[in-house]
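Read the structure below first, then the notes.
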Amino acid sequence: MPATTLPRPDRFLLAGVMGWPVMHSRSPTLHNYWFAHYGLTGTYVPLAIAPDRLRAALRALPALGFSGCNLTIPHKQAALAIVDRLDPLAQRMGAVNCIAVASDGSLEGYNFDAFGFIESVREAQPGWRAGSGAAVLIGAGGAARAVLVGLLEQGAREIRLINRTRARATALAGATGGPVSVFAWEERNAALAGAATLVNATSLGMSGEPGLDISLEKLPQNALVCDIVYVPRETGLLKEARLRGNPTVNGLGMLLHQARPAFHAWFGVMPSVSPELRALVESTL
Ligand SMILES: NC(=O)c1ccc[n+]([C@@H]2O[C@H](COP(=O)([O-])OP(=O)(O)OC[C@H]3O[C@@H](n4cnc5c(N)ncnc54)[C@H](OP(=O)(O)O)[C@@H]3O)[C@@H](O)[C@H]2O)c1
């Protein structure tokens, strides 16, 4: 995490999110709430940046007085080769979701998605420990990689990784290393036996997508069930888990919490996620 730099009241604080497209992003709602909440003068804007302009746009940040920006699809990987310094966690995640402009104008690349996932789980289940039992992780895309790195960083001792396209899971396990075993898609029901945590990190269950077809029969009733999907708030998986007594966490907390260290990196204030902010973002979904 970058060193704290106190905001200077003589400066209009600037940050934004670069994406293509970008107008769907909830990040402006979040960060502009925090500007107002903490009495800081500044703004956070959506920046529609085509892929071939990413380098020029990032290099323009210091000259424009931006403290940094977030990156969303399709820029998270391309930025790896553009930043001047890369945080080891961003390297492990193979993607950059936050850039901070250093005092000398150089660009530092971070990724706070793993932090966001872990914090969202801790917020909902303060007693949860990554190392307390096996975790089953479904998915092998960008979000799954962030969750996997988060679990590993928190000391997970056994992760069962399952993806429809098995080769992608094998490649992901190879890239991160650690105690990760790859299971076949057909083994997903059986792989739940004895697990302490289940995470859906696929897009299945999202509005407009089919649900995740899985039987929870073998999952212990005290296992934590997480879905990184946040539209709808309660996916079919979470509903089924809740009805059989499992504690559950949806994906909204991950979205909210990944923004906190970004705001801190830019403006020196570590903001908190209040019920009011949660309700505000939920009202935009
Ligand atoms: N809460 C948050 O803050 C947060 C952050 C990031 C993303 N997300 C959400 O996470 C989800 C995944 O995002 P991503 O960036 O990781 O996407 P991605 O890189 O495209 O990966 C998509 C994943 O879903 C799987 N999948 C898609 N359709 C499937 C199907 N019909 N059957 C089985 N598996 C299927 C893919 O499996 P294959 O490899 O076999 O295609 C892959 O594992 C999205 O819903 C996104 O909104 C949430």
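Values below: all heavy atoms of this structure, side chains included; hydrogens, waters and symmetry mates excluded. Positions are given from 1 along the sequence. Each ligand, and each atom within it, is numbered from 1 in the order the structure gives.
For ligand 1, the polar-atom distance check finds an N/O of R164 within less than 3.5 Å of one of the ligand's N/O atoms. Polar contact with ligand 1: present for A140 (N/O pair, distance under 3.5 Å). Any N or O atom pair closer than 3.5 Å counts here, and E209 shares no such pair with ligand 1.
Proximity of atom 46 (C) of ligand 1 to the protein is not indicated, since no non-hydrogen protein atom lies closer than 4.0 angstrom. Protein heavy atoms are absent from the space less than 4.0 angstrom from atom 20 (O) of ligand 1. For atom 17 (O) of ligand 1, the protein comes within 4.0 Å by no heavy atom at all.
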Using a 3.5 Å cut-off and no angle test, enumerate the donor-acceptor pairs between side-chain atoms of residues 143-150 and protein atoms at least two apart in sequence or in another chain.
| residue | atom | partner | partner atom | Å |
| --- | --- | --- | --- | --- |
| R145 | NE | R92 | O | 3.1 |
| R145 | NE | M93 | O | 3.0 |
| R145 | NH2 | R92 | O | 2.9 |

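The shell of residues lying under 4.0 angstrom from ligand 1, judged by heavy atoms, excludes G116.
Taking all atoms of both residues into account, the shortest heavy-atom contact from Y44 to S27 is OH-CB, 3.2 Å. Here the closest non-hydrogen pair linking A15 and W266 is CB-CE3, 3.7 Å.
Taking every non-hydrogen atom of G139 and a distance limit under 4.0 Å, the qualifying atoms of ligand 1 come out as 43 (O).
In the model, N97 has a side-chain atom that pairs as donor or acceptor with a side-chain atom of D113 under 3.5 Å.
Regarding atom 14 (P) of ligand 1, its nearest protein heavy-atom neighbour is A143 N, 3.8 Å.
Between V249 and the options L224, T197, I228, a side chain to side chain contact (heavy atoms under 4.5 Å, CB included) holds for only L224.
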